Amino acid sequence: MENWLGKFGAYAADLFIYRGFGIASFLFVKLFFLSGAFLILDLPIKKLKNTWFWDLFAIIILSITFGFFATSLPELGGTVGYEMNQFIQDYVGKTGTLLGIVFAIVIYLIFKIKISPEAIKTFFEKKHKDIKENLEGLTTNNDSATDYNLEEFAVKEPEDEEELEEPTLKPSQFEINKEALKPTIQNASEINLEPTIKPVSPILQTEPIHIESVKQIIETNDEAFVIEKAPDEDIVEENLASKLVADFGLFDPTLELSNYKFPTIDLLKEYASVGITINQEELEENKNRIVETLKNYKIDIAQIKATVGPSVTLYEIVPEAGIRISKIKSLEDDIALSLAALGIRIIAPIPGKGTIGIEVPNKNPTMVPMRSVIGSAKFQEAEMELPIALGKTISNETFVVDLAKMPHLLMAGATGQGKSVGLNAVLTSLLYKKHPAEVKFVLVDPKKVELTLFNKIERHYLAKLPDDGDAIITDNTKVVHTLNSLCIEMDNRYSLLKDAMVRNIKEYNDKFKSRKLNPEHGHRFLPYIILVVDEFADLIMTAGKEVETPIARLAQLARAIGIHLIIATQRPSVNVITGLIKANFPARIAFRVTSKIDSRTILDTQGADQLIGRGDLLYSNGNDLVRVQCAFVDTPEVEKIVDYIGSQKAYASAYLLPEYVGEDGSSVNLEFDISERDSMFREAAEIIVTAQQGSASLLQRKLKLGYNRAGRLIDQLEAAGIVGQFEGSKARSVNIPDLASLDQFFTNEQNNA
């Protein structure tokens, strides 16, 4: 047997034509082609399902039809058509089979091809109407009579909306014989102005008649008809912003470092034994001792339940009716004695539950690695501005909080209880979630060894003063300048928020991304700034009020403009954590402390003295206390993360904070060489002398500069003697009265040089 495709073609023909559906199998070619096209072009599959249904329906009907009529040529209907015919005729006979075939064909024509009696009727009416219009057009062209009636211009209401065709209006069809209309129109009140066609076709709505062309024709036919064009309205800035967004898209602050890659979870160490191991014997033993101890004091228990955590197990007990809670609370030391355990803590009652909690440390506590916390779905899917993964709770759930909602965090604990590891966990969480354009760190490390690893990401994530050495501040005198510089940054940001008429940094950045704020007016994208102080007590001892005042100002005001504080200290005494600071730090973390007084100082309640150490902490943000096992991140892990980030493309420098000028009028560095002056120095001097007012904001407006460059120009003008010293909120005095004196000043300077 010969075939275009040889044996394969013969096999396919035998399979589809002879053993299959006969000649109707050619529809499979269409189906396979459409299916491939839909999959390659990624088109919606819904339409493809409809095509498959009706084509398979047609294949079956055609096969049965050919099998019924072409009995002498079985290849037309195939084996399927022949067998199905025999099967159906055995039950309903030839007449029933023929009626079934006709019924199936009618269904296909109605539902697939959309052929209906109404459509057939419309088709013949349209043909009849076209013939009639052609005949009338011939008689109209041959007839020169002028006696027309308005009835000839009436539009007949169609019987169905689907019969309306899309109207096409040409200028040649709009000519009206005005002489023919004069005899009929006598009174304007007699004209029926209601539209003849009431149901509006969807075609008429989507394709309206263009009235401009109609107006042009009326204007040419009637000279008295004048068309006035309304003046264009002014485009408001809102529309300009929408146009900019439509042209360029939303502003992307990460565009400068668009190729930045976040640290991978593989950089964190994976420990072998991570899961919690439940020691059934230990749980039973502790339960029996708790019940026995309470029975000795005639306290009956109705129910007891244990929840095993990484380092602590919570036993929830429900006492019998009539038992005073204070009586159980007073037995804390007795229960600790019977269990021979360190750090028994009784929660009476547990907030939100009708139970009393007894927290008992596990004999073999389980470490919580940072990898398990960072990789958890709760952290990865957290929709927070500044998510922080602290560790795991007693119920072994990842504990994630939002620093932006806190808005400041106070950490305290004795030496070696996990404060520095907790700070590293906080910084690691933010490095894994926030782009360098979105957050900046100001790191203060009086110990000089805890945070030095983060020097490698200076140009990515850190912020510092201009002309400063290391971004991580270890000198206490520089801390004072940095804190006051943050206060200046805070005031500048509030000015920007005021000009933008928004209330917080999130609304401001959203408005800036939508291109509703003009960068030429000083607006810019504002990243979050997080101040981290590792040892606050040392700063208080060396600087005292110079540090406490800007810290208190930032804590009170900076939450709305994205500056957040994280302060850690070893000794939470009242002379270090004063009432002014505590009032503005509602979120607190307490590691293990040595006395109940220290616990009350940091948490306003006892409990921190009963922790077991090694990262065991209590988190408070209001009234509720949550016990968390802090995630452990080791120094090599932090080093891998900062090396991974530091090896990527970075900004030209660290994020520069405004320069701070002290009360004595001297800034951090006011010695400027003439050759190192800014290129706009003379222009800035002319503006200052003309206005007789020395301020950085004036230079920002006139020269369209950023605050850092304008402040640097002011410092250079002060070093040159053109403007006076810093006078607080007042503008600086100008030492040169006019431009002529300024020219003389520059001439003398050149001669001396």
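A quick note: this is a predicted structure, and the numbers were derived from the prediction, not measured.
For the pair D445 (side chain) and V449 (backbone), a donor-acceptor distance under 3.5 Å is present. One N or O on the side chain of E332 and one on the backbone of I346 form a donor-acceptor pair closer than 3.5 Å.
Partner of T313 under the side chain to side chain contact (heavy atoms under 4.5 Å, CB included) criterion, chosen from I394, T307, L283, N286: L283.
Checked against the 6.0 Å centroid criterion, the rings of F454 and F441 do not qualify as a close aromatic pair.
S599 and Q606 form no side-chain donor-acceptor contact under 3.5 Å, judged by distance and modelled atom types alone.
R493 has a carboxylate O that lies under 4.0 Å from a charged side-chain N of E489, or vice versa, which qualifies the two as a salt bridge. Of the charged side-chain nitrogens involved, none lies within less than 4.0 Å of a carboxylate oxygen, so that D538 and K447 do not count as a salt-bridged pair. In summary, D616 and R627 engage in a salt bridge, as defined by a charged side-chain N under 4.0 Å from a carboxylate O. Taking the charged nitrogens against the carboxylate oxygens, K478 and D470 have no contact shorter than 4.0 Å, which rules out a salt bridge.
Going from atom NZ of K464 over to atom OG of S485 covers 13.0 Å, rounded to the nearest 0.5 Å. Going from atom CG of L611 over to atom CD of Q417 covers 9.0 Å, rounded to the nearest 0.5 Å. Here the straight-line distance linking atom CZ of R614 with atom SG of C630 works out to 12.5 Å at 0.5 Å rounding.
Qualifying ring-ring contact (aromatic ring centres under 6.0 Å, His included) partners for Y260, counting only residues two or more places apart in sequence or in other chains: F262, H435.
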Enumerate, atom names and distances included, each donor-acceptor pair closer than 3.5 Å involving a side-chain atom of residues 401-413, sequence neighbours excluded.
| from | atom 1 | to | atom 2 | distance (Å) |
| --- | --- | --- | --- | --- |
| D402 | OD1 | L386 | N | 3.0 |
| D402 | OD1 | A404 | N | 3.2 |
| H408 | ND1 | L565 | N | 3.0 |
| H408 | NE2 | A555 | O | 3.2 |

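The list of side-chain hydrogen bond (donor to acceptor under 3.5 Å, both in side chains) pairs with a residue in residues 630-645, not counting sequence neighbours, reads K456-D643.
You'll find the side chain of E381 stays beyond 4.5 Å of the side chain of V400, heavy atoms only.
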